[in-house]
Amino acid sequence: VCDALAVGLLHRRLPTRRAFHSRHTDAVLPVFAAGFSGAALKPPAMSLVSNVIGAVAGGDLCRPEYWLRHLRETVQYSRGIGLLSGQERLILIEVGAGQVLSGLARAHDVHPSRIGMAVGAEVAGSARQFLRMLGQLWQHGVRIDFKALDVGERRRRMALPGTPFEPPRAGITASTV
């Protein structure tokens, strides 16, 4: 931790009763595994870099054992971000407990312009924060379906006052004749 602080990495103590990704989770693994009974796991629709193996995940994601490993084993974030950092069209978005992963990405020399706004858990539900993040993604060339944002919303038109930049009306009107 001291070495991480010395190079400017962010950190955050998580309020938890267990040491995740360690042997201290062994007691809950059977209960966690039972939660998968009857679940139909499907492969992702796009490439996904796994924090379990630090590489692109395949069919493993469809097996409960993979998710048990995810809970128990060391997070391979460094290997995964190292793999991604070579991608030409890379934009990272952090959703979660703060900006720790964004700081780790910076430590891998990922250019700050390629790290999207971190959306912390405390503001993840904020519409303003979400729209700001969408705007950043749009600036980076990501195609956004803005019409989908309004689906199910009721909108109404409002008459707004004119601006001081509107040209003054000139000419003959019925009242001046």
Side-chain angles (χ1 to χ4, degrees), residues 1-137 140 142 144:
V1 173
C2 292
D3 291 341
L5 293 174
V7 295
L9 292 180
L10 299 172
H11 73 284
R12 181 175 184 178
R13 182 179 297 271
L14 297 176
T16 178
R17 294 181 183 177
R18 295 194 186 279
F20 289 98
H21 309 289
S22 74
R23 62 182 169 77
H24 296 287
T25 60
D26 287 350
V28 299
L29 292 178
V31 177
F32 191 72
F36 284 97
S37 68
L41 300 177
K42 298 178 182 175
M46 63 181 73
S47 295
L48 184 130
V49 175
S50 163
N51 280 341
V52 174
I53 59 175
V56 176
D60 287 352
L61 295 172
C62 298
R63 295 188 200 106
E65 296 81 20
Y66 169 85
W67 298 101
L68 293 174
R69 288 181 60 201
H70 207 290
L71 185 64
R72 171 65 170 85
E73 293 181 14
T74 303
V75 175
Q76 299 294 324
Y77 182 79
S78 184
R79 288 178 58 194
I81 200 67
L83 175 75
L84 289 171
S85 64
Q87 300 293 317
E88 185 177 320
R89 292 186 43 104
L90 172 70
I91 298 174
L92 301 173
I93 302 170
E94 179 166 353
V95 179
Q99 299 181 11
V100 174
L101 298 178
S102 299
L104 289 172
R106 282 188 215 59
H108 278 272
D109 295 326
V110 174
H111 193 275
S113 69
R114 297 172 84 188
I115 301 172
M117 177 176 292
V119 181
E122 60 278 355
V123 292
S126 163
R128 184 177 190 175
Q129 185 81 3
F130 176 73
L131 292 173
R132 184 178 298 169
M133 185 183 63
L134 281 182
Q136 281 188 333
L137 291 171
H140 287 292
V142 175
I144 307 292

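What's counted below: heavy atoms across the whole structure, side chains too, no hydrogens, waters or symmetry copies.
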What are the two closest non-hydrogen atoms of [X] and [Y], and how far apart are they?
{"X": "W67", "Y": "F32", "value": "O-CE2, 3.5 Å"}
{"X": "V28", "Y": "L71", "value": "CG2-CD2, 4.2 Å"}
{"X": "L83", "Y": "G54", "value": "CD2-O, 4.4 Å"}
{"X": "G80", "Y": "V49", "value": "CA-CG1, 3.7 Å"}
{"X": "L61", "Y": "L41", "value": "O-CD1, 4.0 Å"}
{"X": "L68", "Y": "L29", "value": "CD2-O, 3.5 Å"}

Residue that, paired with V52, satisfies side-chain contact (heavy atoms from CB on, under 4.5 Å) out of R72, H21, H70: H70
Basic-acidic side-chain contact under 4.0 Å: R23, D26: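 No, no charged N to carboxylate O under 4.0 Å.
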Intermediate values then yes/no, side-chain contact (heavy atoms from CB on, under 4.5 Å), I53 and R79: CA-CA 8 Å; I53 59 175; R79 288 178 58 194; 5.7 Å; no
Rounded distance [0.5 Å steps], CD in Q136 versus CD1 in I144: 11.0 Å
Spacing of Y77 atom OH and L84 atom CG [to the nearest 0.5 Å]: 8.5 Å
Audit row: L134, V142, side-chain contact (heavy atoms from CB on, under 4.5 Å) steps and yes/no: CA-CA 9 Å; L134 281 182; V142 175; over 6 Å; no
Student check: side-chain heavy atoms of N51 and Q76 closer than 4.5 Å: no
